[in-house]
> 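Got a structure for you, written out below as structure tokens; questions coming shortly.
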Amino acid sequence: MIVIASDHAGFKLKEGLIKYFNENQIAYKDLGTNNEESVDYPDYGIKLAEEFIKGGYELGIVICGTGIGISIAANKVKGIRAALIYSLETAELAKKHNDANVISFGGRTTKLEDAIKYLEVYRQTKFEKRHQKRIDKINEYEVK
Ligand code: RB5
């Protein structure tokens, strides 16, 4: 199950991804926003992160204009590793090296067809255990 949220600037890309999920029988939960009326990206980044951390999700997707603000917001929630994805390489390495559990796209910077490619590369990539000690350092800092 994928959980997805965006602000107004990410709404169109979110709608495109949801169409792709529906066409490909990919289960998802949409946390809004539901139109292009201006909203604040922290509300959606934090909402998504808090929902993801409850458990039961394969990954979270956040989208704002650039993907930057909403990933910063999501990363404030303990246990979230949100990564801005903007290429095939960052899609692969976000999983392989960082074990990102939330991925972020820019609705104004990334085309739907590219976002779908990045999403599928991320989903097909496995985390490399040799990077675990770095993740552990982040986790240890979070509990301090
Ligand atoms: C909204 O105009 C825009 O600032 C927001 O979507 C995002 O790009 C922030 O990082």
Side-chain angles (χ1 to χ4, degrees), residues 1-128 131 134-144:
M1 170 83 89
I2 292 174
V3 59
I4 187 166
S6 76
D7 73 354
H8 56 289
F11 173 71
K12 275 197 177 144
L13 181 57
K14 178 166 70 66
E15 287 306 280
L17 287 171
I18 285 174
K19 185 166 177 276
Y20 172 75
F21 297 156
N22 286 329
E23 286 167 358
N24 291 278
Q25 290 83 46
I26 297 169
Y28 66 91
K29 183 167 181 175
D30 178 11
L31 301 183
T33 188
N34 301 317
N35 54 54
E36 289 184 277
E37 230 169 87
S38 185
V39 291
D40 298 327
Y41 63 80
D43 295 337
Y44 290 87
I46 292 167
K47 183 179 184 183
L48 179 127
E50 288 186 338
E51 177 65 22
F52 179 88
I53 227 69
K54 289 179 189 165
Y57 295 101
E58 170 197 343
L59 82 138
I61 301 176
V62 288
I63 312 168
C64 64
T66 57
I68 295 172
I70 203 161
S71 60
I72 292 173
N75 273 317
K76 297 298 176 190
V77 175
K78 203 178 271 189
I80 294 296
R81 291 181 300 281
L84 176 61
I85 305 296
Y86 51 89
S87 63
L88 293 172
E89 191 178 16
T90 52
E92 184 184 345
L93 293 179
K95 176 59 95 45
K96 202 184 257 187
H97 288 195
N98 312 113
D99 200 18
N101 48 19
V102 171
I103 61 175
S104 180
F105 294 127
R108 291 174 177 155
T109 57
T110 299
K111 288 188 241 146
L112 174 62
E113 65 197 78
D114 291 331
I116 291 170
K117 284 184 202 151
Y118 303 159
L119 171 63
E120 291 309 337
V121 165
Y122 166 90
R123 293 178 81 204
Q124 284 152 27
T125 303
K126 299 268 175 283
F127 174 57
E128 279 180 355
H131 295 282
R134 286 121 185 194
I135 308 288
D136 290 344
K137 287 190 175 185
I138 297 170
N139 294 341
E140 282 157 22
Y141 179 78
E142 276 183 335
V143 296
K144 265 201 253 168

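Numbering starts at 1 and runs along the sequence shown. Order of listing sets the numbers, starting from 1, for every ligand and every atom in it. Keep in mind it's a predicted model, so treat the numbers as computed, not measured.
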> Who passes side-chain hydrogen bond (donor to acceptor under 3.5 Å, both in side chains) against Asn101, sequence neighbours left out?
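With sequence neighbours excluded, Asn101 shows a side-chain hydrogen bond (donor to acceptor under 3.5 Å, both in side chains) to no residue whatsoever.
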
> Which residue pairs pass the side chain to side chain donor-acceptor pair (under 3.5 Å) test with at least one member in residues 61-78, sequence neighbours excluded?
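Every candidate side chain to side chain donor-acceptor pair (under 3.5 Å) pair involving residues 61-78 fails, so no pair, neighbours aside, qualifies.
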
> Suppose we screen for salt bridge (charged side-chain N to carboxylate O under 4.0 Å, His left out). Which residues come up paired with Lys54, at least two apart in sequence or across chains?
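Applying salt bridge (charged side-chain N to carboxylate O under 4.0 Å, His left out) to Lys54 gives Glu51.
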
> Can you list every protein residue that has a heavy atom under 4.0 Å from any atom of ligand 1, sorted by chain and residue number?
Asp7, His8, Ala9, Tyr41, Cys64, Gly65, Thr66, Gly69, Arg108

> Is the side chain of Lys14 donor-acceptor paired with the backbone N or O of Ser6 at a distance under 3.5 Å, no angle test?
no

> So, the side chain of Tyr122 versus the backbone of Ala100: is there a donor-acceptor pair under 3.5 Å, distance only?
yes

> Rounded to the nearest 0.5 Å, how far does NZ of Lys19 lie from CG of Asn24?
10.0 Å

